[in-house]
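Handing you this structure, nothing more for now.
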Amino acid sequence: MPINYYIFLAMALFSIGVIGVLTRRNAIIIFMCIELMLNAVNLLLVAFSKMHHGAAVAADAASQVGVDGQLFVFFIMVVAAAEVSVGLAIIVMMYRNVHSVDINFLNRLKN
Amino acid sequence: MGITQILFWVLSAVALISAIMVLLSKNPVHSVLWLIMVFFAISGHYILLNAQFLAIVNLIVYAGAIMVLFLFVIMLMNLNTTTEPQKNLWLKLTGAVAGGCFMMMFVSLVRQAGDMQAKTAQVTDGNIGLIKNLGKALFSDYVVPFEISSVLFLSAMVGAVVIGKKA
Amino acid sequence: MNNVLHFAWLVPFFPLLGFLVNGLGRNKLSKSAVGVVGCGAVLLSFLVSVWIFLQVKGGNTYVAEYFPFINSADFKIPFAFQIDQLSSLFLLIITGIGFLIHLYSTAYMHEENSAHFARFFAYLNLFVFSMLLLVMGANYVVMFIGWEGVGLCSYLLIGYWFGNDAYNYAAKKAFVMNRIGDLGFLLAIFWMLAKLGTVSYGAVFSQAAELTTADATIIAILLFVGAMGKSAQIPLYTWLPDAMAGPTPVSALIHAATMVTAGIYMIARSNVLYSLSEVAQHLVAIVGLATALFAATIAIKQNDIKKVLAYSTVSQLGYMFLGLGVGAYTGAVFHVMTHAFFKALLFLGAGSVIHAMHHEQDIRKMGGLKKKLPITHLTFLLGCIAIAGMPPFSGFFSKDEILAAAYAHNPIYWGLGVAGAAMTAFYMFRLYATTFFGEFRGTHEQEHHVHESPSAMTIPLMVLALLSVVGGFIGIPEVFAKDAHALHHFLSPVLVTEQAHTMEHSTEYMLMGISVAIAAIAILYAINKFSKKPELGEPAGLGNVLANKWYVDELYDAVVVKPLHGLSVVLKNVVERSGIDGLVNGTGKLVHYGSRQLRLLQSGQVGAYLLAMILSIVVFMLVWFNDGTIMNLLNKIVK
């Protein structure tokens, strides 16, 4: 598949995530949109990994080029999982304090 | 158009539509379910790219564990009713336009990059996505980051517990 | 004879020490201690000066180099003293007369409280120190240090009674006028450095011949501008009469005997440069002559005893410059010396009168003081005769030498000089007659209190009177006795050879006779006119113009001060207030306003931040990858 297709798909998903972050007020939905963006990046990483691998294999059948890209995805998933656990804990905290998950209430830093 | 192309387009369409539905759903629970659909579609793409390990991890970790966590929190806080206050229309429009511009920018940049046009990603072929190969690399070259990520997990867990305990 | 070099620094050192002791200890020292320190310092330096004088009498000159003052690559200015005949003569005048005036001041200033008394003596000592530095410096920079110090002390002493605004204005005026002149001096030094690369007298004078006439003229004229300020010549003379605001001993010390002669000293010292430039010499002579006449006319109608003496000083300084201008350097220096004697005498005598009259300075309110102040009267009379140029008093010899040189140069100079001399005789005896003859015109109370001054004041008067009488005999002209001009011989090593007098003896006798006769007629006329019937009313016509000093102050006011003041007002009200202030306050307001607006951006709304972030990324990309393709693409989409 042409790499462009993957790029455009990832762009579209990422931008949808961005639009979601910008337009929604529910902290959980915003969080989910962030996950969406992470996944768009993951997809792109895998696609690039395969692109480089394809190019390298043509020269050397035993080439391992591209492994690192997929491992990056793996680590992103690790970090995302950790992030979600902490993030959701924060959202729960916030809900306990203000009885809402509306990010407009998250303006306490202002003062 | 072979089976691969058809699958690619179908999966892409599912991913995009589901992603849009994540935004449009009023009910957070529906959003979560649509997001899981996106993850399934992306996992499909992974399989198409012969990255089997990641496809499975994506399903298990994301669609399984993380999304369940989301659902759990939503249910816990009883947010499944559509109580979310809406942003005003102008802000929404601004957000959408900004995001659109953002996408436009990237798309045009990619179209502009000449050497990307002829490149292709290897599909249904190649073995680097197999567990055997990834595992070798992970436990030899990437063993230190792997161990550090375990520390990250530990601290995230401690953090979540501490935050959750604070009344 | 290295002894001279070892001890020369003591001359300025003692007054400096006196200044420090009196200045720092002014709250602790008693008046008598202050007086002893102040007078003692000057007396010691007088003794050293006498010793130095004896060393250089034989014709030796020394340059004592103490330490490098400015040392930068090839450019070296040492802190050095020039010990030669000219400077030693000035040292004697400064320290000798300075000592007498210090002594006089101990009595005159006795009414001041002890802190102010000490302050006065500290200033006087500092003044003497500066003046000595000025005279002893072996290069123009050291001279300039003294020059500035003298200006500063003059400011401090004129404004000594700083409670009075008018005195402060007088002090300021003196300072500003001096500064104008100082600028000329400074420019002359710079020009000298640029053209010769040195400011030491020896080097400058030996290389002076290499200068082009234009350069020599410019340096000479710029130096003369400096001298104009310090020595109160047209057009910078107006500060000197106003400087009479200071205590009378200050007037005697600064504005008669020493400071104003600094300009004469400088030009006499630079005689080599002046002899290279005929233009500068003519300028000096003409300005001097004009000042002499101009000031003399003003003096005729002044009623303040000190003002008359002040204008007389300006006039006499004009004579000295005339002498310098016509090349009679010895004559000018000679006149400096004799003038120092009799003008100090007259000022101190006036001070004695003022003291007796309880600070009354208007001669219209005096009169008949002859009996009440016998010593003051007698010494004052001797001073008047000396300044009028009657033989064989000192003023006769010095003035006559200048006039003779002027005649040799240009008979018109001589004619105008004699006219000035006649006026001098006239106004001095007008002053004398009005003050000492006739009926007492003061208040009854004043009459009761009039008394002769204490001996600390009369002794200096007597000493100065003696000097005024006999001081002229060191410069007996050749016509009376061959080779009798001791001063001429004494100064010959440092002054360029003067144009020889080619006059017949008969001509010279005739010139002397005419000037003495005219002066004598003026004296008799003045005594006759004013002893019985002094002019008490307000002057009219030309007299009024003279009494108002030719309206020069008003002219300066209109030409210089008013426009400057107007400009300052405009600058202050318009440029400063709406321009500069507007700019400064505007900047503040703009920042304030801007921050108020910017503050709103910090809404605390996470959504807003995110939006800003995304938009920034878009803009960043547009700018970063801006090679037209994006716009083309957008155009295509729009179409």
Side-chain angles (χ1 to χ4, degrees), chain A residues 1-9 11-13 15-20 22-26 28-29 31-33 35-36 39 42-43 46-47 49-51 53-54 57 64 66-68 70-71 73-75 77-86 88-93 95-96 101-102, chain B residues 8 12 15-16 19-20 22-23 28 31-32 35 38-39 42 45-46 49 51 54 57 61-62 65-66 69-70 73-74 77 79 84-85 87 92 95-96 98-99 102-103 106-107 110 116-117 119-123 126 128-129 133-134 137-138 142 145 149 152-153 156-157 159-160 163-164 166:
Chain A
M1 293 306 286
I3 192 72
N4 273 1
Y5 290 7
Y6 283 103
I7 296 176
F8 291 145
L9 175 63
M11 285 298 134
L13 288 173
S15 299
I16 290 166
V18 167
I19 293 170
L22 290 177
T23 52
R24 297 299 292 258
R25 286 170 70 179
N26 189 328
I28 292 175
I29 305 285
F31 214 4
M32 277 156 50
C33 289
E35 296 303 319
L36 187 60
N39 267 277
N42 283 351
L43 177 60
V46 173
S49 150
K50 293 299 287 184
M51 181 185 91
H53 185 68
V57 160
Q64 290 290 300
V67 170
D68 41 5
Q70 300 208 8
L71 282 176
V73 174
F74 176 73
F75 282 116
M77 284 178 185
V78 167
V79 173
E83 173 224 329
V84 165
S85 65
V86 177
L88 283 175
I90 291 173
I91 288 174
V92 171
M93 266 290 290
Y95 185 76
R96 276 199 215 150
V101 288
D102 187 345
Chain B
F8 175 83
S12 298
L16 287 174
I20 290 168
V22 170
L23 293 194
S31 284
V32 172
L35 192 59
V38 177
F39 291 157
I42 288 176
H45 273 300
Y46 288 164
L49 286 163
L54 286 178
V57 169
V61 174
Y62 259 117
I66 293 179
L69 204 55
F70 271 96
V73 169
I74 291 168
M77 293 190 283
L79 288 175
E84 185 193 354
K87 279 193 173 175
K92 277 188 169 178
F102 188 72
M103 185 168 80
F106 275 110
V107 168
V110 171
M116 296 303 283
Q117 306 309 322
K119 294 269 171 67
T120 54
Q122 199 185 25
V123 282
I128 52 161
N133 290 324
L134 281 180
L138 186 62
Y142 289 88
S149 64
L152 176 74
F153 264 125
M157 199 168 76
I163 292 171
K166 236 191 255 172

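Below, chain A is the first sequence line, B the second, and so on; all start at residue 1.
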### Query
Would you say Leu16(B) and Leu13(A) make side-chain contact, with heavy atoms under 4.5 Å?
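Leu16(B) reaches Leu13(A) side chain to side chain.
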
### Task
Enter the distance from Asp68(A):CG to Ile128(B):CD1 here, rounded to the nearest 0.5 Å.
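Reported to 0.5 Å precision, the distance equals 8.5 Å.
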
### Query
If only atom types and distance count, is the side chain of Tyr6(A) paired as donor or acceptor with the main-chain N or O of Ala121(B) below 3.5 Å?
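Between the backbone of Ala121(B) and the side chain of Tyr6(A) there is no qualifying donor-acceptor contact (under 3.5 Å).
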
### Message
Heavy-atom pairs under 4.5 Å with chain B: which of Val67(A), Val86(A), Leu71(A) has the most?
### Response
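Max contact count across the listed options: Leu71(A).
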
#### Entry: Side-chain touch Ile42(B)/Asn42(A), heavy atoms, less than 4.5 angstrom
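Ile42(B) does not reach Asn42(A) side chain to side chain.
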
### Message
Any non-hydrogen side-chain atom of Ile7(A) less than 4.5 Å from a side-chain atom of Phe106(B)?
### Response
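Result no, sub-4.5 Å side-chain heavy-atom pair not found.
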
### Query
Of the non-hydrogen atoms in Ser31(B) and Ile29(A), which two are nearest, and what is the gap between them?
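Minimum heavy-atom contact is OG-CD1, 3.4 Å.
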
### Query
What is the distance from atom CD of Gln70(A) to atom CG of Leu49(B), rounded to the nearest 0.5 Å?
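Those atoms lie 8.0 Å apart.
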
### Task
State, with a plain yes or no, whether a side-chain heavy atom of Leu134(B) is found less than 4.5 Å away from one of Phe74(A).
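When only atoms from C-beta onward are counted, Phe74(A) and Leu134(B) do not touch, as no gap falls below 4.5 Å.
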
### Query
Is Tyr142(B) close to Phe75(A) at the side-chain level, that is, under 4.5 Å between some pair of heavy atoms?
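Of all side-chain heavy-atom pairs linking Tyr142(B) with Phe75(A), at least one is under 4.5 Å.
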
### Task
Test Tyr46(B) against Val73(A) for side chain to side chain contact (heavy atoms under 4.5 Å, CB included), laying out the working first.
CA-CA 11 Å; Tyr46(B) 288 164; Val73(A) 174; 4.3 Å; yes

### Message
Tell me the closest heavy-atom pair linking Leu23(B) and Cys33(A), and the distance in Å.
### Response
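Heavy atoms of Leu23(B) and Cys33(A) come nearest at CD2-SG, 3.6 Å.
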
#### Entry: Nearest non-hydrogen partners of Ala19(B) and Ile16(A), listed with the distance
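Minimum heavy-atom separation between Ala19(B) and Ile16(A): O-CG2, 3.7 Å.
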
### Top of Gly159(B), Gly129(B), Ala65(B) for chain A proximity - count of heavy-atom pairs under 4.5 angstrom
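So the answer, after comparing Gly159(B), Gly129(B), Ala65(B), is Gly129(B).
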
### Task
Could you tell me which of Met11(A), Met1(A), Gln64(A), Glu83(A) has the largest number of non-hydrogen atom pairs under 4.5 Å with chain B?
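Top count of heavy-atom pairs under 4.5 Å with chain B: Met1(A).
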
### Query
Going from OG on Ser85(A) to CD1 on Ile66(B), what distance comes out if it is rounded to the nearest 0.5 angstrom?
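Interatomic distance, Ser85(A) OG to Ile66(B) CD1, rounded to 0.5 Å: 9.0 Å.
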
### Query
Any idea which heavy atoms bring Ile19(A) and Gly95(B) closest together, and the distance?
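Answer, listing the atom of Ile19(A) first, then Gly95(B): CG1-O, 4.2 Å.
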
### Message
Taking every non-hydrogen pair under 4.5 Å, which of Val18(A), Val92(A), Asn4(A) racks up the most with chain B?
### Response
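Top count of heavy-atom pairs under 4.5 Å with chain B: Asn4(A).
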
### Message
As an exercise: rank Ile3(A), Asn39(A), Val46(A), Leu43(A) by heavy-atom pairs under 4.5 Å with chain B and give me the winner.
### Response
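Highest number of heavy-atom pairs under 4.5 Å: Asn39(A).
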
### Message
Less than 4.5 Å to any heavy atom of chain A: does that hold for the side chain of Leu138(B), its backbone, both, or neither?
### Response
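Both parts, backbone and side chain.
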
### Message
Could you tell me if the side chain of Val84(A) sits less than 4.5 Å from the side chain of Phe70(B), heavy atoms only?
### Response
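Yes. Closest side-chain heavy atoms under 4.5 Å.
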
### Minimum heavy-atom distance Phe102(B)-Ser15(A), with the two atoms named
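Taking Phe102(B) first and Ser15(A) second, the nearest heavy atoms are CD2-OG, 4.0 Å.
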
### Query
Heavy-atom distance under 4.5 Å between the side chains of Val78(A) and Ser149(B), does that happen here?
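Yes, at least one pair of side-chain atoms sits under 4.5 Å.
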
### For the student: nearest non-hydrogen atoms of Leu54(B) and Met77(A), plus distance
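Smallest heavy-atom distance, with atoms named: O-CE, 4.0 Å.
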
### Query
Step by step, would you call Leu36(A) with Val38(B) a side chain to side chain contact (heavy atoms under 4.5 Å, CB included)?
CA-CA 8 Å; Leu36(A) 187 60; Val38(B) 177; 3.5 Å; yes

### Message
Using side chain to side chain contact (heavy atoms under 4.5 Å, CB included), reason through Met77(B) and Ile91(A) one step at a time and then give a plain yes or no.
### Response
CA-CA 10 Å; Met77(B) 293 190 283; Ile91(A) 288 174; 3.9 Å; yes

